[in-house]
Number of protein chains: 4
Amino acid sequence: MARLSREESRVRTREMLLASAARAFARAGYSGASVDDIAEDAGFSKGAFYSNFASKEAIFLALLEVRKQSEIMAVRAMIAEVDSDKLMETLTTWLDALHGDRDFALLAAELELQARRSESLAAGYEALQKRFSDELVAFIAVVFERLELTPPAPIKDIADTFIAISNGSALAAGHQNQHAGRSMRLFLDMLIKASATRAR
Amino acid sequence: MARLSREESRVRTREMLLASAARAFARAGYSGASVDDIAEDAGFSKGAFYSNFASKEAIFLALLEVRKQSEIMAVRAMIAEVDSDKLMETLTTWLDALHGDRDFALLAAELELQARRSESLAAGYEALQKRFSDELVAFIAVVFERLELTPPAPIKDIADTFIAISNGSALAAGHQNQHAGRSMRLFLDMLIKASATRAR
Amino acid sequence: MARLSREESRVRTREMLLASAARAFARAGYSGASVDDIAEDAGFSKGAFYSNFASKEAIFLALLEVRKQSEIMAVRAMIAEVDSDKLMETLTTWLDALHGDRDFALLAAELELQARRSESLAAGYEALQKRFSDELVAFIAVVFERLELTPPAPIKDIADTFIAISNGSALAAGHQNQHAGRSMRLFLDMLIKASATRAR
Amino acid sequence: MARLSREESRVRTREMLLASAARAFARAGYSGASVDDIAEDAGFSKGAFYSNFASKEAIFLALLEVRKQSEIMAVRAMIAEVDSDKLMETLTTWLDALHGDRDFALLAAELELQARRSESLAAGYEALQKRFSDELVAFIAVVFERLELTPPAPIKDIADTFIAISNGSALAAGHQNQHAGRSMRLFLDMLIKASATRAR
DNA sequence: GATGAATGAGGGTTCATTCAT
DNA sequence: GATGAATGAACCCTCATTCAT
């Protein structure tokens, strides 16, 4: 059985704490979640927490980074495989993933809100958000290109609306989550209908 | 100088506390805002707070009610004055109001999030949200009627998307808020373009 | 219908507050009972309370006085009607009264305890307790005289034991109060058996 | 100098808090004593208190347990060494111990009262009290056996009276405590005089 | 690196008391 | 005399963080 090296073990602890923090922040919000909750839920002591993260804010920012990073990677992956056949299918899969995990959605909203509140968080957040936004703009541009459609508005606005609906749906989704994602699909449908076929 | 009567004074205190609470919750979130903050910011002691509201949760719910109520009244007012000439203008005014007050928007988002977390809040919240949603659905139906257009999707979905964009934009709006509301207008434009003209 | 004079009305309010305080102190103890509880339970406002009593401590002391006074009067009444025929019957009635009211008993214990804690209460209490003790000693002396028995110990000790059992039973009486008073009767029986018939 | 291990240190803190709580509750009663008082008097912070006891009620109950336990052990010890020569001497020593510590006595009374008021305390209390009572009944039975006397009343009643006098004396004992314990001895004397010598 | 006892600031809430009405 | 809004000190408890083990 492969023994974990010290480094591997440290990484593993870190990841378990991050996962636990994601759950805790989603459930109770940044202020409402306690370091103790997070540590215990991950199966560690408070001490272990502070050996891995300098503060509660630090783990929050780390989480923010992990999440935004993975969102960026997801979009980038979609760009790579854009082709007329599987595009809508890929999109649908992505949207389902985005809205399927209720905790994920609530966490996203909490991240946004909290980043807006704390100056120290805002700094780190802004940069990440910019990168994600840029990536999304690029993706949308590629899609319109491929579909040979002319966007009905500046792509930045479309991307912003996309993000707004995503976050907004997360907030609005009550206990019965069944129609989360409908808003997004309605928006997509209309977007395509509203786009002018490009002259050749 | 008109001296305030006992009752007037009480009402005034209550309102100042509500205003202060709105600021505090917007700034720091539900958990992050302290009763002490709220009371002091309103110029009162903690004791005064508790002789006006039974608990922190109570003032939060009271705030929720006030806000939702005024949103409902706004929509209702719009229904009353719907006519083809001033409709878009009225809508624009409303949207600007909705997004013009940054604190209001953040508060709205916080209200949604918190209501989703606390069972005791959720109870009170759900009812209010239902009433607002119903009102919005009625409004949208009237508008389509007046414009003699057929909606491209169930009106409930349209209303939900409307709300999602509103909340989502509030979250996404960074320090520079200038283009908040663009998403909403984009959505509205596309909505009209996507609607079929009704057969007469 | 006779209107209450201002003075009568004041006395009535005072008495209702005293009765309410007795219930509250018995139920929750001195610290545990709040002025608001007491006032509201009596059907008045806090202001009315403070118009009648200078402080929480003041009403407690007033209560102490009323109770001790009535205990003294009860003993004095028994002395007056001591005669060989009805003596034991009278005693029994008194004891039943003492233990029949659970609240009364708990209040008595609380009074004792609290008087022992607060210096300001102790002053007023000590005097009252002395008067009651003296009265009880006189009563016991008369009874032994009448029964032509010689007490088996200094009468003061007998009186003290009497009081100790009374207070102790109140404390010990659990929810099932049926055998409160047994201790007292056991003590009385033994007391008589242990007394030497006086030589004539 | 022996350094304290982690565990030893924890136990020591706990014990110091318990001792401090005993003083505080005796002095000010359950409601009157504050967690802050208790912690500071023991030389710790409030936080230390709460990492040793879950709540104020918890330390109260823990105290109750310690005290009742030691009372039980004391009675059990007496049963073990009952023999005609040293019995009365042992009893006397015990009674002196019971009444010698004024705080102990007041605490006992407070424990009884408070247990009667709080449902959550009552649960834990009742069990302990039952065990003590049973032990005392057993002890008294053994003593009568040894002395070859027939008790003049059900042993349970005798035990109850015993307890009542003990608690009652604690309450009645003023600042001058010199004659506490007299009641108890008077009761014992009479008890023996009132017992019938058993037929052989 | 991990532990958890301890700190100390603060959070929500209660409450005796005051005082303008 | 009665009212109850307001005060402000405590109270019970939580929690981010530190540090000796």
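Everything numeric here is computed off the predicted structure, so don't read it as measured data.
- Of the side-chain N and O atoms in D:S45, one or more sit less than 4.0 angstrom from OP1 or OP2 of E:dT7.
- Put simply, CG on A:L17 is 14 Å from P on E:dG1, counting in whole angstrom units.
- No donor-acceptor pair under 3.5 Å is formed between the side chain of D:S118 and the backbone N or O of D:A115.
- Listed for the B:E65 side chain is no donor-acceptor partner under 3.5 Å among the backbone atoms of B:L128.
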Under a 3.5 Å cutoff on both atom distances, Watson-Crick or G-U, what's the dot-bracket for DNA chain E ([ ] crossing, | other strand)?
.||||||||||||||||||||
5' to 3', nucleotides 9-14 of chain F under a 4.0 Å protein heavy-atom cut-off (B base, S sugar-phosphate only, - none) gives -BSBBB
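- Between the side chain of A:K68 and the backbone N or O of A:Y125 there is no donor-acceptor pair closer than 3.5 Å.
- Two residues, C:N52 and B:T13, neighbour DNA chain F, and the one matched to the more 5' nucleotide by heavy-atom proximity is C:N52.
- At whole-Å resolution of the value, CG in C:D41 and P in E:dC15 are 14 Å apart.
- By the ring-ring contact (aromatic ring centres under 6.0 Å, His included) test, B:Y50 pairs with no residue at all, sequence neighbours left out.
- A salt bridge links C:R117 with D:E110: the distance from a Lys NZ or Arg NE/NH1/NH2 to an Asp or Glu carboxylate oxygen falls below 4.0 Å.
- Remark: P of E:dA16 and CD of C:E40 are 12 Å apart, rounded to the nearest angstrom.
- When side chains are defined from C-beta on, A:I59 counts as touching A:F49, because their heavy atoms get closer than 4.5 Å.
- For the ring-ring contact (aromatic ring centres under 6.0 Å, His included) test, no residue two or more places apart in sequence or in another chain qualifies with D:F44.
- Between the CZ atom of A:F53 and the C1' atom of E:dG1 there is a distance of 14 Å, rounded to whole Å.
- Atoms CZ (B:R10) and P (E:dT21) sit 16 Å apart, rounded to a whole Å.
- Every residue meeting the side-chain hydrogen bond (donor to acceptor under 3.5 Å, both in side chains) condition with A:Q69, not counting sequence neighbours, appears here in chain and number order: A:R131.
- Nearest-nucleotide positions on DNA chain E place A:G43 closer to the 5' end than the other of D:G43 and A:G43.
- Distance CE (B:M16) to C1' (F:dA5): 14 Å, rounded to an integer number of Å.
- Pairs engaging residues 33-43 of chain A under the side-chain hydrogen bond (donor to acceptor under 3.5 Å, both in side chains) rule: A:S20-A:D41, A:R23-A:D41, A:S34-A:D37 [sequence neighbours left out].
- The CZ-P distance, from C:R12 to F:dA2, rounds to 12 Å in whole Å.
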